[in-house]
There are 2 protein chains.
Amino acid sequence: MTEPRRAPRQAEAEANDRALLAAAREVVAVDGARASVAAIAARAGVGIGSLYRRYRTKQELFQRLVSLTLDRWIDAAEQGLAHADPWEGLAHYLLAGFDIGQGSLGSVAGTIELTEEIADKNRRADEAVDALVARARAAGVLRPDVTTTDLHLLVEQLGKSPMIDQLRQQGRTDLVPAAVNARTRITAIALDGLRAPAPHPLPGEPPAPELLSGRWET
Amino acid sequence: MTEPRRAPRQAEAEANDRALLAAAREVVAVDGARASVAAIAARAGVGIGSLYRRYRTKQELFQRLVSLTLDRWIDAAEQGLAHADPWEGLAHYLLAGFDIGQGSLGSVAGTIELTEEIADKNRRADEAVDALVARARAAGVLRPDVTTTDLHLLVEQLGKSPMIDQLRQQGRTDLVPAAVNARTRITAIALDGLRAPAPHPLPGEPPAPELLSGRWET
DNA sequence: AGTTTGCGGAGCGAAACGCTCCGTTTACAA
DNA sequence: TTGTAAACGGAGCGTTTCGCTCCGCAAACT
């Protein structure tokens, strides 16, 4: 390292940055893109001034948030691919995805200007997921009428958890663990619905990829 | 009828009321309880003044909206009970529930003052759903580890459709039918996950009913 | 002691909010 | 034709909330 010594003030600044990002994730989960910088700073236990020293605008903070979240998605997909069992790999990705909660970020992603970095990460995540789905389908453990787009939409839908957000908003944090457990059960139901063989074929036409989260591609 | 004649102005007023409620449903689906009266009136093609002639406050409009939506829920559950086949009956209720979209209303229900009428309708809906679930379970078509609360939460989660709301918000109404189709597929997956016999038992403890949409009861 | 660096938050102009108020339009009786 | 009452749309009010700037202060280093 060129800079092994850490000035205490600099360490504090980095801790603040982490707190800001964590707080932003929480507030955005509840309020979506309407989340105010004041609320984010307050939740992080940090002054507004400090927020604006690190991010020139609210949009810059959101872009960073989306970028870091995409990292999590890529990790989840690649960890899924690392599993030897195709079904376990897919299930790992989906369960991780429900936790990451693309849904909450989806509304933010629709409001920010897309950077090259974000578009690139999005592409990498898509490739990994495609491989994951293709492998599960080839192994015959995923019902064959489910498309990758179906899965993306399912994750988007189940990742957003209005129940948990609402509880947090009402300050009933004591109930949050129970809510997380409840959501896990729901996702387990959905996972069971994905397994081959399927009791009935899915209705309608396979969904078009354009439906995914606003624009992303184009 | 005591008043068979309809003054044209009065008919217009009633049409405006219907348009207001329909618009409120749409705007609330996107913006939740933050939906502004101006947005609702504009979407209904009606002046703000007309809105406030019929509803003294925004809250009064929202209470009416919740009440009418609960009527839909009661209908869906009772129609489900009318089905001879227990599974078809349950599926009918769930599919209708996904369409009604309790999720969107959940955020509104948390902000309004509960009237006696609303609490009463909520009770009636609960009773009908309990009967529906009990019948399906007794017939052995519903996996036995799913509780009524699980189902309520599932409906709440899948009823809210961020994808459709976002498309509408962006004015891409051309894509909405495709999105509705996509959501139908997702719900079909979840339905298949509910059938008996289950591939694996559900994880965790059965969820407590207190988790449902804020307060409703108490 | 002086300098640098990061800090918190009061306060700015702009925007959005719920709601009131009023001039206009329409249907119908005189 | 004219008078009246009902329903209309929307400008504008006071208030709140927003993103963001700016500045006085404290801690670390020289």
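Per chain, numbering begins at 1; letters A, B, ... match sequence-line order.
Listed nucleotides: D/dC20, C/dC7, C/dC19. Nearest to the side chain of A/I48: D/dC20. In the set C/dG18, D/dA7, C/dG8, the nucleotide with an atom closest to the side chain of B/S36 is C/dG18. In the set D/dG19, C/dG8, C/dC19, the nucleotide with an atom closest to the side chain of A/V46 is C/dG8. The side chain of B/A13 has D/dA7 as its nearest neighbour among D/dG9, D/dA7, C/dC7. Ranking C/dG8, C/dG18, D/dG19 by closeness to the A/V37 side chain, first place goes to D/dG19.
Where A/R34 and A/S50 each meet DNA chain C at their nearest nucleotide, the meeting point lying more 5' is that of A/S50. Map B/A35 and B/G49 each onto its nearest nucleotide of DNA chain C; the residue landing nearer the 5' end is B/A35.
Using a 4.0 Å heavy-atom distance criterion, A/A42 is classed as making no nucleic acid contact. Across all strands shown, A/A39 has no heavy atoms under 4.0 Å from either base or sugar-phosphate atoms. In this structure, A/R53 reaches the bases: a heavy-atom distance under 4.0 Å links it to at least one base atom across the strands shown. Using a 4.0 Å heavy-atom cutoff across all strands shown, B/R54 reaches sugar-phosphate atoms only and no base atom.
With rounding to whole Å, A/Q59 atom CD is found 9 Å from D/dC20 atom P. When the C1' atom of C/dA16 is taken as reference, atom NZ of B/K58 falls 11 Å away, rounded to whole Å. Rounding to whole angstrom units, CG of residue A/L51 and P of C/dG8 are separated by 10 Å. Summarising the geometry, the separation between CZ on A/R56 and P on D/dC22 is reported as 16 Å, rounded to the nearest angstrom. Protein atom OH of A/Y52 is 5 Å distant from nucleotide atom C1' of D/dC20, rounded to whole Å. Regarding B/R43, its CZ atom lies at a distance of 20 Å from the C1' atom of D/dG10, rounded to whole Å. In this structure, A/D31 places its CG atom 13 Å from C1' of D/dT17, rounding to the nearest Å. If you measure from atom CD1 of B/I40 to atom C1' of C/dC17, you get 13 Å, rounded to the nearest angstrom.
Taking the charged nitrogens against the carboxylate oxygens, A/R123 and A/D120 do have a contact shorter than 4.0 Å, which makes a salt bridge.
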Q: Report the C-alpha distance between A/E117 and A/K121 in whole Å, list the side-chain angles of each, state the deciding distance to 0.1 Å, and finish with yes or no for salt bridge (Lys or Arg N to Asp or Glu O under 4.0 Å).
A: CA-CA 6 Å; A/E117 180 195 16; A/K121 286 186 178 178; 3.4 Å; yes
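Considering only side-chain N and O atoms, A/N16 lies under 4.0 angstrom from the phosphate OP1 or OP2 of C/dC7.
A donor-acceptor pair is defined here as one N or O able to donate and one able to accept, closer than 3.5 Å; no such pair exists between the side chain of B/D31 and the backbone of B/S36. Counting only distance, with no hydrogens or angles, the side chain of B/S67 and the backbone of B/Q63 share no donor-acceptor pair below 3.5 Å.
For the residue pair A/T184 and A/N181, no side-chain donor N or O sits within less than 3.5 Å of a side-chain acceptor on the partner.
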